[in-house]
There are 2 protein chains.
Amino acid sequence: MRGQPGRTVTSRVLALLDAFSPASPALTLSELARRAGLPLSTVHRRVAELLAWGALERGGDGRYRIGLRLWEVGSLAPRGLGLREVALPVMEDLYEVTHENVQLAVRQGLELVFIERIAGRRAVPVRTRVGGRFALHATGVGLVLLAHAPAEVQERVLAGPLERYTALTVTDPGRLRRCLAEVRRVGYAVSDRQVTMDALSVAAPVRAPEGVVAALSLVVAHDRADPVALAPLVQAAGRVLSRALGGTPR
Amino acid sequence: MRGQPGRTVTSRVLALLDAFSPASPALTLSELARRAGLPLSTVHRRVAELLAWGALERGGDGRYRIGLRLWEVGSLAPRGLGLREVALPVMEDLYEVTHENVQLAVRQGLELVFIERIAGRRAVPVRTRVGGRFALHATGVGLVLLAHAPAEVQERVLAGPLERYTALTVTDPGRLRRCLAEVRRVGYAVSDRQVTMDALSVAAPVRAPEGVVAALSLVVAHDRADPVALAPLVQAAGRVLSRALGGTPR
DNA sequence: CACCCGTCTTCCACTGGACGGAAGGCGTGG
DNA sequence: CCACGCCTTCCGTCCAGTGGAAGACGGGTG
């Protein structure tokens with residue numbers, strides 16, 4: 001094309017979707033154009049089509065938002081709602097026993113995505129959002145997912161910058177590597193104040209026939225936490241879920 | 001273009017997404033091509049790009065499924081996860097009080113889409129799926145949404161074929177019209193065995209500043225149902241939710 | 001009121017991304 | 001062995017897409 005030869009129409013449409021984020025779920029046409037790096041007239045045309053189909057919706061304020069039709073299609077993702085449907089009963093059981101925050105996440109590239117969470121009203125407040133992303137190297141679920149990720153993924157995470165969230169976040173590649181080996185050995189992960197100074201999480205893997213596909217965790221206040229007591233509960237829930245997915249829990 | 005001049009690239013990409021449905025969430029390349037009505041080579045090219053972005057994923061069986069990235073973007077839909085986040089606590093309260101199925105739906109065109117449901121283990125089994133669609137003229141939520149839909153939408157639904165699910169489904173346009181007027185008057189809808197012969201649902205509107213945006217309902221076994229007793233509960237929940245959305249509940 | 005600023009919408013002549021038929025590889029099973 | 005369905009790649013043609021420019025719109029300011 002004229003502006004940026006080599007850029008396909010499809011990639012431009014996808015760039016428009018990329019422009020939306022949890023932090024900015026409503027955008028004007030101009031904002032959309034700037035974020036996607038496309039001329040206004042181009043965006044105007046493409047957006048009209050997305051609007052007609054229902055991928056985008058336009059509010060009374062003139063801003064564009066993600067449309068329900070796209071949510072509907074997204075709900076067909078096996079690793080999204082599909083996984084959630086199977087996991088929810090197990091997560092609820094875990095919640096009933098502990099009355100603590102229960103989280104379910106999968107790995108997407110070099111980050112994790114939260115698929116579902118049950119936030120206990122009496123439990124520690126956690127700032128995770130369903131559909132939100134987070135780094136792999138700090139949380140309990142992240143450590144489990146990273147420990148069972150392909151070697152290539154692990155290397156890229158270990159090589160890349162490891163953001164420090166608290167004084168206890170493991171940012172040394174060597175230590176993180178040993179940490180992951182330990183997670184594989186014992187079959188669960190503990191993240192003690194590595195994300196915030198008030199929370200501790202214990203996570204276990206969820207296995208399908210193709211390997212570890214998700215991670216389940218409990219997030220509790222660190223001062224009333226007993227990882228050794230919580231681990232068997234989370235692991236048991238992970239096994240139940242693994243079996244439901246046709247996997248072979250260890 | 002050559003095959004079907006007038007068809008845009010974007011519409012073709014969207015047609016590929018349309019090919020997926022709850023009944024067939026995993027498709028081969030050929031199936032995808034047939035469903036979208038596009039040549040195989042065209043689909044092959046477009047799908048490769050969707051795969052790279054994460055809109056689609058490919059399983060070990062070679063079939064394509066909706067990818068997590070699309071689920072993630074879809075989760076930004078205000079009428080999808082956004083609404084669910086606000087509604088869930090209210091729905092849980094309603095469930096705690098009744099221990100019956102609680103459902104939340106919005107209107108999308110001439111149908112409704114289920115946004116969330118809480119299925120009581122002891123409650124009547126309902127075959128609704130989160131992300132699934134249904135006709136507007138039979139269910140409790142549907143009647144509420146239809147009763148408060150723009151006149152143009154109502155006319156099109158009344159004109160179109162009204163599928164009969166049971167002997168009690170209202171399929172006469174005149175009767176349905178009176179039914180909708182009654183729903184508006186009393187502020188709630190009752191669907192007594194109009195979908196299945198074992199279930200009854202009571203639904204109430206959810207109002208945001210722009211009008212009725214969703215409907216909340218209880219679905220119970222018809223033989224132990226007392227609509228008059230349930231209505232106030234559902235209406236109260238609807239009002240709480242309306243207020244949370246900045247609406248003015250009546 | 002006139003002015004400016006940012007936003008949105010529409011128009012049009014050019015061009016390169018998209019097209020799709022065809023041919024080739026791959027696995028299955030009759 | 002061949003036939004069948006599926007997937008992948010190639011290449012010459014051509015129309016959908018492009019983006020600058022011009023104009024409408026809307027709100028805030030002097």
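Below, chains carry the letters A, B, ... as their sequence lines are ordered, and counting in each starts from 1. If you're wondering where the values come from, they're calculated on a predicted model, not measured in any experiment.
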Below the 4.0 Å mark, does [N] have OP1 or OP2 next to a side-chain nitrogen or oxygen of [X]?
X       : N      : value
A/Arg12 : C/dA18 : no
B/Ser41 : D/dT9  : no
A/Thr42 : D/dG19 : yes
A/Arg34 : C/dG6  : no

Taking the side chain of B/Arg46 as heavy atoms from C-beta outward, which of D/dC7, C/dG20, C/dA18 is closest to it?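 Selected nucleotide: C/dA18.
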Measure from the side chain of B/Thr8, starting at C-beta and using heavy atoms only, and say which of C/dC8, D/dG17, D/dC7 lies closest.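 Side chain of B/Thr8 sits closest to D/dG17.
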Check [Y] with [X], please: is the shortest side-chain N to carboxylate O separation under 4.0 Å?
X        : Y        : answer
A/Arg177 : A/Glu155 : yes
A/Glu116 : B/Arg84  : yes
A/Asp18  : B/Arg69  : yes

Sugar-phosphate only, base, or nothing, as touched by A/Arg63 at under 4.0 Å among non-hydrogen atoms: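 It contacts nothing in the nucleic acid.
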Under 4.0 Å, heavy atoms only, any strand: does B/Leu38 hit a base, just the sugar-phosphate, or nothing?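 Answer is nothing: B/Leu38 stays at 4.0 Å or more from every strand.
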Ignoring hydrogens and angles, are the base of C/dG20 and the side chain of B/Arg45 linked by a donor-acceptor pair under 3.5 Å?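 Yes, a donor-acceptor pair under 3.5 Å.
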Considering all heavy atoms of both residues, which atom of A/Leu40 and which atom of A/Ser30 are nearest to each other, and what is their separation?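 Looking at all heavy atoms of both residues, the closest pair is CD1-CA, 3.9 Å.
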Hey, which sits more toward the 5' end of DNA chain C by its nearest nucleotide, A/Ser11 or A/Glu31?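 Its nucleotide being nearer the 5' end, the pick is A/Glu31.
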